[in-house]
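Notes follow once the structure below has been shown.
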Amino acid sequence: MASLKRKDYLNWDEYFMGIAKLTAGRSKDPNTQVGAVIVSETNRVLSTGYNGTPNGFNDDDFPWAREGSPLETKYMYVCHAEANAIDNFRGYKKDFENARIYVDLFPCNECAKKIIQSGIKEVVYLSDKYADSDSTKASKAMFDQCGVKYRQLDKEHQKVLKLSLKPDQGIEYM
């Protein structure tokens, strides 16, 4: 008997990276939108986060600039997606043991420390555009030392998905 099962469904990596990308859409950063999703060993979404200001901080009065004196740029104020995903979690810390985090951009050294401390054991990322920075080199050194695996989403699974929020329309794969 022939199977009628769809053949073009998303695999787990594609699905969770899609959630991370969709979550990044909440970021108000005009230059870099990053999303993160933390997933249990059993492929259950535990938490999401995106880069943005801390709760209660009015981002309408926020300096979103990339250049200028430190207090006039976003860098002193923005919480990264990975940190927000960890901080947004409302369950038991034990749930993060052996979890994976999916993120658009390879984590900085500060987020790497939070990832390690939380018990997450794998990082799946799309871009490593700051690979030559000291921050990324430090992240990789810490991950290597602490047994946190990291891998870029395979090129074959880096798809373009067109998502419609209209009724009776789904996802288009390109």
Side-chain angles (χ1 to χ4, degrees), residues 9-29 31-57 59 74-131 133 135-161 163 165 170-171 173:
Y9 61 89
L10 299 174
N11 71 25
W12 287 118
D13 281 346
E14 294 164 342
Y15 173 66
F16 294 128
M17 193 61 77
I19 293 172
K21 291 292 283 184
L22 188 60
T23 302
R26 286 285 310 141
S27 173
K28 296 177 184 171
D29 190 317
N31 302 107
T32 307
Q33 300 82 44
V34 180
V37 60
I38 301 171
V39 180
S40 74
E41 282 184 284
T42 58
N43 294 319
R44 302 294 181 252
V45 173
L46 299 173
S47 186
T48 62
Y50 57 89
N51 59 317
T53 58
N55 292 335
F57 194 88
D59 54 29
K74 64 183 179 178
Y75 300 109
M76 300 293 266
Y77 306 100
V78 167
C79 300
H80 287 181
E82 304 93 326
N84 272 332
I86 291 167
D87 292 342
N88 287 341
F89 181 62
R90 296 295 180 249
Y92 297 101
K93 186 177 179 201
K94 185 173 177 12
D95 294 337
F96 277 173
E97 290 177 9
N98 300 313
R100 297 184 311 280
I101 186 167
Y102 289 81
V103 64
D104 298 56
L105 192 57
F106 195 89
C108 72
N109 62 301
E110 293 300 320
C111 290
K113 290 185 263 187
K114 287 188 75 95
I115 288 167
I116 292 163
Q117 288 296 91
S118 73
I120 293 169
K121 290 298 181 192
E122 185 174 13
V123 176
V124 184
Y125 62 93
L126 280 179
S127 172
D128 194 6
K129 74 177 183 179
Y130 300 113
S133 72
S135 175
T136 299
K137 289 175 184 176
S139 296
K140 290 178 180 177
M142 287 187 284
F143 287 155
D144 290 342
Q145 183 72 31
C146 297
V148 175
K149 294 185 285 184
Y150 51 92
R151 63 183 167 89
Q152 189 168 26
L153 185 68
D154 297 335
K155 296 286 185 201
E156 68 189 62
H157 297 293
Q158 292 181 12
K159 298 179 176 179
V160 174
L161 304 176
L163 175 67
L165 298 179
I171 297 176
Y173 306 98

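Side-chain atoms are counted along with the backbone in the values below, which use heavy atoms only and exclude waters and symmetry mates.
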Run the side-chain contact (heavy atoms from CB on, under 4.5 Å) test on Tyr102 and Asp13 for me, step by step, so that the C-alpha distance in whole Å, both residues' side-chain angles and the decisive distance to 0.1 Å come before the verdict.
CA-CA 8 Å; Tyr102 289 81; Asp13 281 346; 2.6 Å; yes
Does [X] reach the side chain of [Y], with side-chain heavy atoms less than 4.5 Å apart?
X: Leu126; Y: Met17; result: yes
X: Lys21; Y: Asp104; result: yes
X: Gln152; Y: Val124; result: no
X: Val45; Y: Ile19; result: yes

Non-hydrogen atoms of [X] and [Y] that approach each other most closely:
X: Ala81; Y: Val34; result: CB-O, 3.4 Å
X: Ala131; Y: Lys140; result: CB-NZ, 4.3 Å
X: Met142; Y: Ala112; result: CE-CB, 4.0 Å
X: Lys114; Y: Ala83; result: CD-CB, 3.8 Å
X: Cys108; Y: His80; result: SG-ND1, 3.4 Å
X: Cys79; Y: Pro54; result: SG-CG, 3.9 Å

side-chain contact (heavy atoms from CB on, under 4.5 Å), that's the test. Do Val123 and Glu82 meet it? Break it down for me.
CA-CA 10 Å; Val123 176; Glu82 304 93 326; over 6 Å; no
The test is side-chain contact (heavy atoms from CB on, under 4.5 Å); show your working for Gln145 and Phe143 and say whether it passes.
CA-CA 6 Å; Gln145 183 72 31; Phe143 287 155; over 6 Å; no
From [X] atom [atom1] to [Y] atom [atom2], the distance as rounded to the nearest 0.5 Å:
X: Lys121; Y: Ile101; atom1: NZ; atom2: CD1; result: 14.0 Å
X: Ile120; Y: Ile38; atom1: CD1; atom2: CD1; result: 4.0 Å
X: Gln33; Y: Lys28; atom1: CD; atom2: NZ; result: 13.0 Å
X: Asn84; Y: Thr23; atom1: CG; atom2: OG1; result: 11.0 Å
X: Thr53; Y: Asp59; atom1: OG1; atom2: CG; result: 4.5 Å
X: Ile86; Y: Leu46; atom1: CD1; atom2: CG; result: 11.5 Å

Is the Phe106 ring parallel, tilted or perpendicular to the Tyr125 ring (thresholds 30°, 60°)?
perpendicular
Give me the ring orientation class for Phe16 and Trp12: parallel if the planes are under 30° apart, tilted from 30 to 60°, perpendicular past 60°.
parallel
Could you tell me whether Tyr77 and Phe57 have their ring centroids closer than 6.0 angstrom?
yes
Assess, by modelled atom type and distance only, whether the side chains of [X] and [Y] contain a donor and an acceptor separated by less than 3.5 Å.
X: Ser47; Y: Asn88; answer: no
X: Ser133; Y: Ser135; answer: no
X: Asn51; Y: Ser27; answer: yes
X: Tyr150; Y: Asp144; answer: yes

Is it true that atom NZ of Lys149 has more than 12 heavy atoms of other residues, nucleotides or ligands lying nearer than 6.0 Å?
no
Quick check: are there more than 12 heavy atoms from other residues, nucleotides or ligands sitting under 6.0 Å from CG of Asn55?
no
Basic-acidic side-chain contact under 4.0 Å: Asp95, Arg44
no
Whether Glu122 and Arg151 form a salt bridge (side-chain N of Lys/Arg under 4.0 Å from carboxylate O of Asp/Glu) is what I want to check.
yes
